Amino acid sequence: MMNKIILKEKLDLELSLFSGQAFRWKKKLNWYYGFIDNKFLKLRIKNNCLEYVCSDDWVAQDKVYDYFGLGIKYNEIFENFDDELSTVAYKKLQGMRVLNQDPWECLISFIISAWSNVPKISNTIHLLCQKLGYKYILDDMVGYSFPSPIQITGLTESEMKSFGMGYRGQYVLKTSKIIEENKILLSDFYNEDYFDSLKFLLTFPGVGDKVANCVLIYSLKKYNAFPVDLWVERLLVEDYGLNKKMSLINKRKWGQNYFGKYSGIIQHYLFHYKRKYNH
DNA sequence: GGTGGACCTGGCTA
DNA sequence: CTAGCCAGGTCCA
């Protein structure tokens with residue numbers, strides 16, 4: 001059954017799903033296949049509507065709406081912020097939304113992402129899901145749900161290695177154990193502020209300032225989170241005149257201070273713009 | 001508190 | 001085809 005959401009905000013699925021914030025979406029014949037609220041579905045844009053079809057389980061409209069953060073008015077954010085490069089990036093990448101992904105999947109995905117590259121990250125996550133996830137079928141596409149913490153704790157080191165996790169395998173295992181043993185619900189951090197959430201995320205092995213800020217901006221709605229990766233660092237030095245030697249944390253703080261309340265959303269535009277157009 | 005190396009591994013490019 | 005470089009960083013000394 002087809003579901004429709006009328007769009008008031010601009011939404012570009014290609015840019016939103018393939019700008020390096022999510023790693024598991026697949027495109028086929030104008031449909032984008034993936035998981036929202038842990039259920040397999042497909043999406044497309046048609047006549048200013050976001051259309052989606054679920055596989056087995058129903059996905060509520062507000063979950064899809066929320067996944068793309070459609071309640072946030074990007075026009076206001078960028079119009080109220082007078083900065084040349086941000087404006088250029090915004091115009092060039094209109095419709096790119098910062099996603100609100102599942103925090104657990106996001107945490108593990110970004111631990112895996114450290115010092116790696118997107119094709120490899122996607123492949124590793126895919127192998128993990130294929131091994132443990134629940135299998136869904138929609139049309140001729142197969143999807144595997146993201147495994148729970150307790151499922152991951154059951155894996156052996158050699159299995160982790162076979163997914164291509166490298167040294168990150170230990171981090172993923174340990175983090176899963178901590179979450180499982182302490183019955184931690186990452187969704188509780190929707191109600192905590194940025195600083196407390198950051199402090200807590202940093203206690204997990206394999207989670208440093210960059211990964212923590214990714215989890216905060218791409219899943220926990222902390223819109224002032226500001227991940228400083230290689231690209232953003234280059235951008236801050238080359239385009240905003242920061243001293244190369246400034247520490248990563250101070251670069252992050254500078255970004256949050258300069259770009260303001262929605263610095264994380266602006267960051268994502270600048271990040272993708274820099275990577276795509278301005279090597 | 002801040003700094004410099006080491007680090008699994010596969011994709012990518014010469 | 002193969003070598004060598006590089007990648008959405010983190011940890012530890």
Side-chain angles (χ1 to χ4, degrees), chain A residues 15-25 89 93 96-99 101 103 105-128 130 155-178 198-220 222 225-239 242-256 259 263-279:
Chain A
L15 282 172
S16 302
L17 301 173
F18 295 105
S19 52
Q21 49 179 331
F23 302 100
R24 249 145 70 67
W25 288 90
L93 301 171
M96 182 171 74
R97 312 292 299 183
V98 167
L99 304 174
Q101 305 179 60
E105 174 173 347
C106 197
L107 174 63
I108 296 301
S109 298
F110 278 97
I111 289 176
I112 292 170
S113 80
W115 201 235
S116 188
N117 55 70
V118 175
K120 196 182 161 200
I121 299 162
S122 298
N123 189 244
T124 296
I125 297 172
H126 171 70
L127 290 172
L128 178 68
Q130 188 173 247
L155 290 169
T156 64
E157 282 183 41
S158 67
E159 282 175 315
M160 294 303 256
K161 220 166 194 181
S162 71
F163 303 147
M165 294 217 190
Y167 61 88
R168 305 167 200 84
Q170 283 303 309
Y171 300 149
V172 172
L173 269 179
K174 285 180 185 168
T175 294
S176 301
K177 274 183 188 147
I178 294 169
L198 173 65
K199 208 169 136 191
F200 186 77
L201 287 172
L202 289 174
T203 63
F204 292 114
V207 178
D209 197 74
K210 190 271 175 183
V211 168
N213 275 277
C214 283
V215 176
L216 292 168
I217 184 63
Y218 298 131
S219 73
L220 286 171
K222 306 297 184 248
F226 196 84
V228 178
D229 72 309
L230 203 110
W231 292 102
V232 173
E233 187 179 14
R234 279 179 198 160
L235 177 110
L236 292 176
V237 172
E238 291 169 13
D239 303 304
L242 265 63
N243 190 328
K244 204 173 184 175
K245 291 198 165 185
M246 188 190 264
S247 72
L248 283 177
I249 289 186
N250 281 329
K251 287 191 180 100
R252 188 254 293 165
K253 286 178 180 167
W254 185 92
Q256 289 174 314
F259 295 106
S263 52
I265 291 176
I266 299 173
Q267 171 272 155
H268 191 66
Y269 273 81
L270 292 173
F271 161 74
H272 195 57
Y273 180 78
K274 186 78 176 170
R275 213 169 60 150
K276 203 170 172 183
Y277 299 107
N278 185 18
H279 255 44

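All values derive from a computational prediction rather than experimental measurement. In what follows, every chain begins at residue 1, and chains take the letters A, B, ... in the order their sequences are listed. Side chains included, hydrogens not; waters and symmetry mates left out as well; all remaining heavy atoms used.
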Asks: Pick the closest DNA chain C nucleotide for Ser116(A) and for Gly208(A) by heavy atoms, then say which residue is nearer the 5' end.
Replies: Ser116(A)
Asks: Tell me whether the centres of the aromatic rings in Tyr273(A) and Tyr269(A) are closer together than 6.0 Å.
Replies: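 No, ring centres 6.0 Å or more apart.
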Asks: With a cut-off of less than 4.0 Å, is there a side-chain N or O of Arg168(A) near OP1 or OP2 of dA7(C)?
Replies: no
Asks: Using 30° and 60° as the class limits, which term best fits the ring planes of Phe259(A) and Trp254(A): parallel, tilted or perpendicular?
Replies: perpendicular
Asks: I want to verify a distance call: between dA7(C), dT9(B), dG8(C), whose nearest atom is closest to the Lys161(A) side chain?
Replies: dT9(B)
Asks: Under 6.0 Å from the CD atom of Gln130(A), do we count more than 12 heavy atoms belonging to anything else shown?
Replies: yes
Asks: In this structure, how many angstroms lie between the P atom of dG1(B) and the CG atom of Asn250(A), rounded?
Replies: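 Asn250(A) atom CG is separated from dG1(B) atom P by 13 Å.
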Asks: Is there a side-chain contact between Trp231(A) and Leu270(A) (heavy atoms, below 4.5 Å)?
Replies: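 They are not in side-chain contact.
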Asks: Distance check needed: dG8(C) P versus Arg275(A) CZ, whole Å only.
Replies: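 So the two atoms are 6 Å apart, to the nearest Å.
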Asks: Under 30°, 30 to 60°, or over 60°: which ring-plane class applies to Tyr171(A) and Tyr167(A), parallel, tilted or perpendicular?
Replies: perpendicular
Asks: Base, sugar-phosphate or nothing for Tyr218(A)? Non-hydrogen atoms, less than 4.0 Å.
Replies: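 Result for Tyr218(A) = base.
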Asks: Please state how far atom CD1 in Ile111(A) lies from atom C1' in dG8(C), giving the value in whole angstrom units.
Replies: 14 Å
Asks: Under the 3.5 Å rule, do the base of dG8(C) and the side chain of Glu233(A) count as making a donor-acceptor pair?
Replies: no
Asks: Asn243(A) has an atom CG; how far is it from atom P of dG2(B), in whole Å?
Replies: 15 Å
Asks: Closest nucleotide of DNA chain B for Ala114(A) versus for Pro119(A): which of these residues is on the 5' side?
Replies: Ala114(A)
Asks: Starting at CD1 of Ile125(A) and ending at C1' of dG8(C), how long is that distance when rounded to a whole Å?
Replies: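 Rounded to the whole Å, the gap is 12 Å.
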Asks: Under 30°, 30 to 60°, or over 60°: which ring-plane class applies to Phe110(A) and Tyr218(A), parallel, tilted or perpendicular?
Replies: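 Phe110(A) and Tyr218(A): parallel rings.
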Asks: Using a heavy-atom cut-off of under 4.0 Å over every strand shown, decide if Pro227(A) touches base, sugar-phosphate, or nothing.
Replies: nothing
Asks: How many whole angstroms separate atom CE of Met246(A) from atom C1' of dT3(B)?
Replies: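 The answer, rounded to whole Å, is 16 Å.
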Asks: Counting any heavy atom closer than 4.0 Å, what does Val228(A) reach on the DNA or RNA strands: base, sugar-phosphate only, or nothing?
Replies: nothing
Asks: Expressed as a whole number of angstroms, how long is the span from Leu235(A):CG to dG8(C):P?
Replies: 16 Å
Asks: Indicate, with a heavy-atom threshold strictly under 4.0 Å, whether Gly166(A) touches base, sugar-phosphate, or nothing.
Replies: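 Answer is base: heavy atoms of Gly166(A) come under 4.0 Å of a base.
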Asks: With a 3.5 Å cut-off and heavy atoms only, can you find an N or O donor on one side and an acceptor on the other between the side chain of Tyr167(A) and the base of dG9(C)?
Replies: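 For Tyr167(A), whose side chain was compared with the base of dG9(C), there is a donor-acceptor pair (under 3.5 Å).
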Asks: Nearest of dC11(C), dG8(C), dA7(C) to any side-chain atom of Arg234(A)?
Replies: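 When the side chain of Arg234(A) is considered, dA7(C) is the closest of dC11(C), dG8(C), dA7(C).
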Asks: Distance between the P atoms of dG8(C) and dG4(B), in whole angstroms?
Replies: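 After rounding to an integer number of Å, I get 23 Å for this pair.
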Asks: For DNA chain C, whose closest nucleotide is more 5', that of Tyr171(A) or that of Asp229(A)?
Replies: Asp229(A)
Asks: Suppose we define a pair by two distances each less than 3.5 Å, Watson-Crick or G-U wobble; what does dC8(B) pair with here?
Replies: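 Answer to the pairing question: none, since dC8(B) forms no Watson-Crick or G-U pair.
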Asks: Under a 4.5 Å cut-off applied to non-hydrogen side-chain atoms, are Ile112(A) and Val172(A) in contact?
Replies: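 The answer is yes; the side chains approach within 4.5 Å.
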Asks: Give the rounded distance in Å between these two atoms: CD1 of Ile121(A) and P of dC12(B).
Replies: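 Interatomic distance, CD1 of Ile121(A) to P of dC12(B): 12 Å.
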Asks: Please determine, for the side chain of Lys120(A), which listed nucleotide (dT9(B), dG8(C), dT3(B)) has the closest atom?
Replies: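 Nearest nucleotide to the side chain: dT9(B).
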Asks: Taking any heavy-atom pair under 4.0 Å as a contact, classify Ser19(A): base, sugar-phosphate, or nothing.
Replies: base
Asks: Using both distances under 3.5 Å as the test, list the Watson-Crick or G-U wobble partner of dG8(C), or none.
Replies: none
Asks: Stacking check: are the rings of Phe271(A) and dG8(C) less than 5.5 Å apart at their centres and under 30 degrees in tilt?
Replies: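 Here Phe271(A) meets both the 5.5 Å and the 30° conditions.
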Asks: Check every strand shown and say whether Gln170(A) touches a base, only sugar-phosphate, or nothing at a heavy-atom separation below 4.0 Å.
Replies: nothing
Asks: Just call it for Asp209(A): base, sugar-phosphate, or nothing, with non-hydrogen atoms closer than 4.0 Å on any strand.
Replies: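 The residue Asp209(A) makes sugar-phosphate contact but no base contact.
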